[in-house]
Amino acid sequence: MSYSFSITTDDDFDKTVDKTVEALAAEGFGVLTEIDVAATMKTKLDVDMAPFRILGACNPPLAHQAITAEPTIGTLLPCNVVVRQTDDGVVVDFMDPEAAMGLAESDAITEVGTEVRRRLERVAHSLTEA
């Protein structure tokens with residue numbers, strides 16, 4: 001089973017980050033963390049790399065449902081969404097919550113993972129619309 005799914009867009013990197021955050025919000029996700037990996041690599045290792053941002057997305061009602069069913073599921077939260085510049089455009093990678101939540105081997109957690117995946121797929125789809 002794959003642990004992620006992706007889309008590629010021709011939009012500008014910063015515009016794609018903004019559109020991704022907006023699309024996540026439309027599906028009930030807030031961005032709890034935003035890590036600028038390129039800036040961190042430059043600061044810590046003096047390495048230049050293409051823009052690469054990790055967004056830690058969380059849907060509070062679904063996170064609560066999962067944590068209530070299995071408190072240790074918090075180790076798999078939040079859902080990471082990566083926005084990265086490539087030669088072919090800007091790629092948005094989504095963590096597959098079904099794969100992650102499948103590790104719990106719990107029907108209640110599997111249901112949450114399925115719902116989160118549906119919402120993230122709608123986010124991905126919205127980023128490819130004109």
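Along the sequence shown, the residues carry numbers beginning at 1.
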Verdict with supporting geometry, Phe52 and Ile35, side chain to side chain contact (heavy atoms under 4.5 Å, CB included): CA-CA 8 Å; Phe52 191 112; Ile35 302 167; over 6 Å; no

Listed partners of Phe94 passing ring pair (Phe, Tyr, Trp, His ring centres under 6.0 Å), at least two apart: Phe5

Look at the side-chain heavy atoms of Ile, Leu, Val, Met, Phe, Trp and Tyr, link any pair under 4.5 Å apart, and say whether [X] and [Y] land in one connected group.
X	Y	value
Leu77	Val31	no
Phe29	Val81	yes
Leu32	Leu55	no
Val123	Phe13	yes
Leu76	Val112	no

Can you tell me how far [atom2] of [Y] sits from [atom1] of [X], rounded to the nearest 0.5 angstrom?
X	Y	atom1	atom2	value
Cys79	Met95	SG	CE	3.5 Å
Glu70	Gln65	CD	CD	13.5 Å
Arg122	Leu127	CZ	CG	13.5 Å
Leu62	Glu27	CG	CD	10.5 Å
Glu115	Leu120	CD	CG	10.0 Å
Ile109	Leu103	CD1	CG	11.0 Å

Passing option when Glu121 is tested against Arg118, Arg117, His125, Arg119 for side-chain hydrogen bond (donor to acceptor under 3.5 Å, both in side chains): Arg117

Option passing side-chain hydrogen bond (donor to acceptor under 3.5 Å, both in side chains) with Lys19 (candidates Asp11, Asp12, Thr9): Asp11

Does any non-hydrogen side-chain atom of [Y] lie less than 4.5 Å from one of [X]?
X	Y	result
Ile7	Val91	no
Val90	Thr8	no
Thr33	Ile54	no

Residue pairs fulfilling side-chain hydrogen bond (donor to acceptor under 3.5 Å, both in side chains) with at least one residue in residues 74-88, sequence neighbours excluded: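 Only Arg84-Asp93 qualify under side-chain hydrogen bond (donor to acceptor under 3.5 Å, both in side chains).
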
side-chain hydrogen bond (donor to acceptor under 3.5 Å, both in side chains): pairs with one or both residues in residues 47-63, sequence neighbours excluded: Glu34-Arg53, Lys42-Asp48

Verdict with reasoning, Glu98 to Thr114, per side chain to side chain donor-acceptor pair (under 3.5 Å): CA-CA 6 Å; Glu98 284 184 318; Thr114 299; 3.0 Å; yes

Nearest heavy atoms of [X] and [Y], plus distance in Å:
X	Y	value
Ala69	Ala108	CB-CB, 3.9 Å
Ala99	Ser2	CB-O, 3.5 Å
Ala23	Ser126	CB-OG, 3.4 Å
Gly113	Pro97	O-CG, 3.7 Å

